[in-house]
Amino acid sequence: MANAAQQRANRNYRARLKQRGFKRFEVLALETDRNLLRTLARRLAESGPEADQARAAVKALIADEPPKPGGSLAALRRSPLVGADLDLSRPRVQGRRVDL
């Protein structure tokens with residue numbers, strides 16, 4: 001059994017988490033998935049585009065509905081190369097003659 005100081009420290013820590021909007025819960029999973037789940041939980045707890053991307057990927061993975069069409073096009077439009085004025089043309093060269 002923990003002493004009073006340890007209990008108070010746990011209570012204060014959990015109160016601070018609650019103020020930040022976190023909720024403590026238990027998950028049952030395979031031992032091999034421990035690091036994966038901890039990393040995912042840590043990533044989801046952060047705010048930012050990486051957390052939003054992870055959240056969307058997990059939701060899409062477990063959703064019962066098929067993915068919406070146009071996902072590839074949307075990914076290309078998010079590319080950092082959009083509007084980079086790349087010259088992707090190649091010179092047209094005649095092939096060599098092959099004697100068969």
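The line from CZ of R38 to CG of D33 is 12.5 Å long, rounded to the nearest 0.5 Å. Rounding to the nearest 0.5 angstrom, the gap separating the CG atom in L76 from the CG atom in L81 is 10.0 Å. Atoms NZ and CZ, on K18 and R16 in that order, are 14.5 Å from each other to the nearest 0.5 Å. Separating the CD atom in Q19 from the CZ atom in R14 is a distance of 15.0 Å, to the nearest 0.5 Å. Note that CZ of R43 and CG of L40 are 8.5 Å apart. Values are rounded to the nearest 0.5 Å.
The two residues A51 and L44 have their closest heavy-atom pair at O-CD2, 3.9 Å.
L37 and F25 end up in the same hydrophobic cluster when Ile, Leu, Val, Met, Phe, Trp and Tyr side chains are linked at under 4.5 Å. The hydrophobic cluster containing L30 does not contain V27, counting ILVMFWY residues as joined when their side-chain heavy atoms lie under 4.5 angstrom apart, directly or transitively.
More than 12 heavy atoms of other residues, nucleotides or ligands lie within 6.0 Å of CD in E46, so this atom counts as buried by the packing criterion. Residue R34 places its CZ atom among 12 or fewer non-hydrogen atoms of other residues, nucleotides or ligands, all under 6.0 Å distant.
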